[in-house]
Amino acid sequence: MTSDLLLAIRGFRRAPGFAAVAALSLALGIGGGSAIFSLVDAVLLRPLPFPQPTRVFALKDQHSLPDVRDLRAACRAWSGAGAYASWAFDLTGRGDPERVEGAIVSGGLLGALAMPPELGRLLGDDDDRAGAAPVAVVSHRFWREKLSASPSALGSTLVLSGKSYTVVGVLPEAFELWQSHSDVLVPFEVHYPDGAGARGAHFAVAIVRLAPEVTLARAQDELTVAGKRLGELYPAADRDRPYLLEPLHERYVERARPPLLLLLAAVGLVLLVACGNFAGLLLARGIGRQRELGIRAALGASRRRLVRQQLCESVLLALLGGAAGLLLAAWLLPLLLSLQPAELPHLDAVRIDRRVLAVAFGVSLATGVVFGLLPALRLSSFDLQQVLKEGSGAIGGRTHGRLRRALVVAELALSLSLLVAAGLLLRSFSRLQQAPLGFDADGALGMRIILPEARYPQAARSAEFFRRLLEEVQAAPGVARAGLISEPPLGGSTMVHDLLFASRPAPPEGREPDAMVRVTSGSYFGALKIPLVRGRLYGPDDGAAGTQETMVNQAFVRRFFPGEDPLGKQLRFAREKPARWMTIVGVVGDVRHLRPDRPEGPAIYQPLAQNTMDWR
């Protein structure tokens with residue numbers, strides 16, 4: 001074997017151009033594949049960092065905290081359960097004020113995840129009750145960057161949105177909640193008691209851990225029975241609600257899986273094209289060495305010996321290509337991560353590690369053996385007398401000609417497949433880019449403002465703040481139009497309310513139709529050039545004098561008033577007390593509110609002055 005390696009190295013020194021081209025052709029495929037595999041490995045393949053992650057499940061959809069507490073008490077198949085909701089806090093008292101992303105969590109959540117703290121303790125049920133002392137746990141990153149990674153941070157005070165919290169624990173570095181930056185976690189009941197007690201407020205993510213030796217089927221059966229009981233007890237909030245368990249890992253990766261697998265398939269095609277090129281180069285080089293092989297055979301070299309020598313060359317070339325591919329992957333990966341794809345979790349864990357190195361080595365070795373074996377077998381099968389007689393001019397014959405043609409056809413087929421796949425991807429991307437969003441974002445700037453609850457406890461007070469803010473922004477130099485909305489388009493959040501219509505009989509409690517509700521200023525539609533389809537836009541005084549006006553989108557009309565004129569129709573929120581009937585005064589165009597590829601659903605727009613909800 002050592003002599004074969006030395007012969008291969010001497011051969012490469014005599015033909016450096018061939019060696020470089022062959023190795024680089026593989027480097028492109030292996031480099032791209034290694035970079036994408038590092039993403040796939042970190043995002044899709046690795047288990048969640050919690051102990052026994054296959055025992056941790058999430059409830060599909062979102063749920064209210066009272067429901068989660070009742071389900072936890074009813075389901076004996078669970079060893080722990082909790083819920084959380086993403087939350088933004090204003091951090092003050094530590095230099096300049098800044099926004100901190102975190103979550104409000106129930107007392108059972110961290111116990112269900114069963115991940116021990118790095119310092120201090122976790123939040124428990126005693127922390128998540130009315131009258132409990134306000135405490136918080138922080139992420140490892142927050143502890144390092146904001147608290148100087150000091151053990152004395154335990155017991156220190158954080159002022160979050162105007163309320164003081166005592167730091168009692170630091171989470172491990174690997175800790176992460178689904179779709180939530182977990183820099184600061186505070187008890188649900190302490191920070192948002194109104195939401196914690198609202199059974200109809202389905203906005204929390206529920207997490208459960210199965211008890212030892214309990215099957216998923218048994219846990220699901222218990223959950224179904226408990227959920228049906230909730231629907232009977234609280235029909236207004238829970239009638240016909242589905243209660244289904246899904247692996248927590250699936251919740252993390254469900255959106256990331258399709259694009260990542262598509263990328264992996266694309267780089268797989270690139271690798272196959274590179275392997276075809278590699279095999280073709282080996283065949284071309286081998287044909288040019290027919291006389292050399294013939295002389296070695298005449299001197300006593302067996303066919304097995306000749307095949308082994310050529311395989312040694314192909315494997316060495318493939319390993320060189322794999323090494324160059326890893327260097328390319330190390331350069332590509334930071335570029336991919338700099339894009340910060342929002343759908344991909346665990347980006348902090350993406351790196352060229354031992355698993356990626358092992359896969360790259362395995363692919364390189366397999367490529368050298370598989371794609372080097374066929375040319376080696378073909379080239380070592382020849383008529384020795386004819387080769388020695390005709391010299392190096394005897395290149396190939398019919399068998400080698402057929403092999404060359406087959407390799408060319410295979411390369412063309414793979415290249416065509418890659419081009420078609422790339423074309424389809426580009427067309428899909430182009431369609432997504434050109435999808436009508438329903439608004440014009442050209443030249444538009446946005447800002448999210450969350451008012452501190454301590455200073456703006458009532459909706460009327462926050463509405464007055466926003467009214468004055470809008471006047472000042474509108475008067476600022478360079479501002480053509482300005483508007484306000486509670487949930488901005490493509491912001492990822494929405495509010496849904498059950499509805500009743502004045503002209504129709506009320507359905508059974510809990511089976512009312514629903515629609516998304518957004519609080520806006522009348523100027524919002526002009527600021528984003530959302531077209532008025534019918535009726536009128538409400539103005540700054542609508543809703544202020546006790547009148548109740550509202551606007552709806554076209555999807556609302558298609559769902560609830562097909563073939564009818566919606567103007568003048570009255571509706572109200574099914575759960576609002578006292579009841580307020582609102583009159584539809586205008587219809588606006590649909591806006592892709594959640595995602596560019598998701599059609600808009602029925603939506604209601606309320607005037608800012610008419611809003612009575614206390615959340616900001």
Side-chain angles (χ1 to χ4, degrees), residues 58-68 83-87 104 179-180 192 194-206 227 230-231 234-244 438 448 450 459 484-501 504 506-520 524 548 550-561 566 569-577 579-582 584 587-588 590-595 598-608 610-616:
L59 269 65
K60 285 193 174 182
D61 300 323
Q62 293 180 313
H63 301 272
S64 66
L65 187 58
D67 283 352
V68 175
Y84 70 91
S86 298
W87 209 263
I104 50 176
Q179 286 195 338
S180 175
Y192 190 23
D194 292 340
R199 189 169 294 274
H202 300 286
F203 67 98
V205 178
L230 285 181
Y234 311 103
D238 295 325
R239 188 196 295 268
D240 299 332
R241 281 185 61 80
Y243 293 91
L244 299 172
R448 186 181 181 189
I450 299 179
L484 293 168
I485 185 170
S486 55
E487 288 85 23
L490 303 181
S493 63
T494 189
M495 181 65 67
V496 177
H497 278 287
D498 295 333
L499 303 175
L500 294 175
F501 295 92
R504 301 173 188 176
E509 191 176 37
R511 291 181 178 166
E512 300 91 348
D514 58 31
M516 294 176 284
V517 179
R518 298 156 194 163
V519 178
T520 73
Y524 163 76
Q548 305 294 325
T550 193
M551 295 167 56
V552 298
N553 64 357
Q554 290 175 291
F556 188 98
V557 176
R558 289 193 298 269
R559 172 77 61 84
F560 299 116
F561 298 105
K569 295 291 196 299
Q570 290 189 313
L571 56 92
R572 71 177 180 89
F573 300 141
R575 309 285 170 257
E576 187 177 44
K577 294 180 181 180
R580 297 181 306 156
W581 289 99
M582 299 175 288
I584 298 175
V587 179
V588 295
D590 291 337
V591 173
R592 297 290 179 102
H593 188 82
L594 294 176
R595 288 165 51 181
R598 181 177 296 180
E600 172 78 321
I604 296 172
Y605 295 92
Q606 273 192 294
L608 181 65
Q610 190 173 299
N611 178 41
T612 61
M613 296 179 289
D614 286 340
W615 50 78
R616 284 140 293 280

Shortest non-hydrogen contact from [X] to [Y]?
X	Y	value
P507	P513	CG-CD, 4.2 Å
G601	N553	O-ND2, 2.9 Å
S64	R199	OG-O, 2.9 Å
Y192	F203	CE2-CZ, 3.8 Å
P566	I584	O-CB, 3.6 Å
Y524	L484	CB-O, 3.6 Å

How long is the span from the [atom1] atom in [X] to the [atom2] atom in [Y], to the nearest 0.5 Å?
X	Y	atom1	atom2	result
R241	L230	CZ	CG	10.0 Å
Q570	R580	CD	CZ	13.0 Å
L571	Q548	CG	CD	11.0 Å

- Considering residues at least two apart in sequence or located in another chain, which fulfil the side-chain hydrogen bond (donor to acceptor under 3.5 Å, both in side chains) criterion with R518? E600, Y605
- Item | Under the side-chain hydrogen bond (donor to acceptor under 3.5 Å, both in side chains) test, residues paired with D240 that sit two or more places apart | R511
Taking side chain as C-beta onward, heavy atoms only, is [X] less than 4.5 Å from [Y]?
X	Y	value
D238	Y243	yes
L499	F556	yes
V68	L59	no
K569	V552	no
H202	V496	no
H497	D514	no
V519	Q606	yes

Can you tell me if [X] uses its side chain to pair, donor with acceptor, with the backbone of [Y] under 3.5 Å?
X	Y	value
H63	K60	yes
R575	A237	no
D590	A555	yes

- Message: Could you check whether R572 pairs with E576 (Lys NZ or Arg NE/NH1/NH2 to Asp/Glu carboxylate O, under 4.0 Å)?
- Response: no
- Query: What is the ring orientation for F501 with F560, classed by angle as parallel under 30°, tilted 30 to 60°, or perpendicular over 60°?
  - Reply: tilted
